[in-house]
Amino acid sequence: MPELLVEHAFPIGLAVLAYVTVQRLLELVLAARNTRRLIAEGGLEVGRGHYGAIVALHAIWLVVIWLFGPGRPILLAPLVLLAVVQVLRFWTLASIGRRWTTRIIVKPGEALVATGPYRFLSHPNYLVVVCEIFLLPAVFGLFGVAILFSLLNAAVLMIRIPAEAAALRQHQG
């Protein structure tokens, strides 16, 4: 894979890591606000038991990349793919709007979102996360980290997606 110029790798790598880190922190704030509002409007939280594992996985993933990524050459192909995935991330979040949260919150009787990428995929946000978990470490050539966290994420999603799908089937309008 082609590399960006090595003399530019360090600031680009820091910018990419800072962007993803700040994005995740802002999303946690947004998710917490949406969760509180959805619960106040009669929403029910489902699958609470695995939520801590998801948070831990993402936090450790970012810490590992911060520890080993800066100063490494930047691989252009994963960086471009990561940028493309960000477009899907924003499309997904814009489509689900105020209903987006990092937890599984269902509002009994409410119809599923069927706009944006939800017209084509049941869980586009999970596709985004799967791609990001692999691509961010790959940007730095950390393919072992990319594979390890992709496998750990797959294990968590094997619990998460069925729990969310069941909750949505049970409570949708």
Side-chain angles (χ1 to χ4, degrees), residues 14-66 78-139 146 149-150 152-173:
L14 287 180
V16 170
L17 276 173
Y19 166 79
V20 172
T21 302
V22 169
Q23 178 187 61
R24 289 296 194 278
L25 293 172
L26 291 174
E27 286 177 354
L28 285 175
V29 171
L30 175 62
R33 182 182 327 137
N34 286 346
T35 296
R36 284 189 301 274
R37 185 185 40 72
L38 288 166
I39 296 292
E41 294 172 355
L44 308 169
E45 183 173 0
V46 179
R48 187 180 294 169
H50 65 270
Y51 184 71
I54 291 172
V55 172
L57 174 77
H58 284 255
I60 295 167
W61 169 74
L62 270 176
V63 167
V64 167
I65 299 168
W66 271 105
L79 181 61
V80 169
L81 291 172
L82 183 64
V84 170
V85 168
Q86 294 309 294
V87 173
L88 180 57
R89 169 177 282 287
F90 292 121
W91 187 28
T92 299
L93 294 180
S95 298
I96 200 165
R98 295 168 34 106
R99 292 168 65 177
W100 181 82
T101 179
T102 55
R103 297 180 180 270
I104 301 172
I105 308 293
V106 291
K107 287 178 69 177
E110 194 162 292
L112 295 177
V113 173
T115 60
Y118 291 90
R119 288 180 296 190
F120 312 107
L121 298 167
S122 297
H123 302 283
N125 196 57
Y126 297 133
L127 174 61
V128 167
V129 171
V130 164
C131 291
E132 289 173 334
I133 292 281
F134 183 84
L135 288 171
L136 184 59
V139 164
F149 280 91
S150 291
L152 293 171
N153 187 52
V156 171
L157 289 180
M158 288 175 61
I159 298 166
R160 172 71 171 213
I161 292 174
E164 184 171 321
L168 291 172
R169 273 191 311 275
Q170 182 180 359
H171 296 286
Q172 79 183 35

Engineer: The test is side-chain contact (heavy atoms from CB on, under 4.5 Å); show your working for Arg89 and Asn125 and say whether it passes.
Structural biologist: CA-CA 7 Å; Arg89 169 177 282 287; Asn125 196 57; 4.1 Å; yes
Engineer: Could you please spell out the steps behind the side-chain contact (heavy atoms from CB on, under 4.5 Å) verdict for Ile60 and Phe149?
Structural biologist: CA-CA 9 Å; Ile60 295 167; Phe149 280 91; 3.7 Å; yes
Engineer: What pair of heavy atoms forms the shortest contact from Leu14 to Trp66, and how long is it?
Structural biologist: CD2-CZ3, 3.7 Å
Engineer: Could you go through the side-chain contact (heavy atoms from CB on, under 4.5 Å) check for Ile104 and Arg160 one step at a time?
Structural biologist: CA-CA 9 Å; Ile104 301 172; Arg160 172 71 171 213; 3.6 Å; yes
Engineer: Indicate the atoms forming the closest heavy-atom contact of Ile105 with Thr101, along with that distance.
Structural biologist: CG1-CG2, 3.7 Å
Engineer: For the residue pair Thr92 and Pro117, what are the closest heavy atoms and their distance?
Structural biologist: OG1-CG, 3.4 Å
Engineer: At their closest point, which heavy atom of Arg98 faces which heavy atom of Asn34, and how far apart are they?
Structural biologist: O-CG, 3.3 Å
Engineer: Please tell me whether Tyr51 and Glu45 have a donor and an acceptor in their side chains that are separated by less than 3.5 angstrom.
Structural biologist: no
Engineer: Measure the spacing between NZ of Lys107 and CG of Leu38 and express it to the nearest 0.5 Å.
Structural biologist: 6.0 Å
Engineer: Under a 4.5 Å cut-off applied to non-hydrogen side-chain atoms, are Leu62 and Leu136 in contact?
Structural biologist: yes
Engineer: Which is it for Leu112 and Tyr118 under the side-chain contact (heavy atoms from CB on, under 4.5 Å) test, yes or no, and what are the steps along the way?
Structural biologist: CA-CA 9 Å; Leu112 295 177; Tyr118 291 90; over 6 Å; no
Engineer: Which heavy atom in Ala163 sits nearest to a heavy atom in His50, and how many Å separate them?
Structural biologist: CB-CE1, 4.3 Å
Engineer: Please report the interatomic distance CD(Glu164) to CZ(Arg169), rounded to the nearest 0.5 Å.
Structural biologist: 11.0 Å
Engineer: Roughly how far, to the nearest 0.5 Å, is the CG atom of Leu88 from the CG atom of Leu93?
Structural biologist: 9.5 Å
Engineer: Any heavy-atom pair between the side chains of Val20 and Glu132 that's under 4.5 Å?
Structural biologist: no
Engineer: Working to the nearest 0.5 angstrom, can you tell me the gap between Ile39 CD1 and Arg103 CZ?
Structural biologist: 9.0 Å
Engineer: Evaluate the side-chain proximity of Tyr19 to Val16: yes if any heavy-atom separation is below 4.5 Å, no if none is.
Structural biologist: no
Engineer: Check whether any side-chain heavy atom of Cys131 sits under 4.5 Å from a side-chain heavy atom of Leu81, and report yes or no.
Structural biologist: no
Engineer: What are the two closest non-hydrogen atoms of Ala165 and His123, and how far apart are they?
Structural biologist: CB-NE2, 4.4 Å
Engineer: Does Thr102 reach the side chain of Glu27, with side-chain heavy atoms less than 4.5 Å apart?
Structural biologist: no
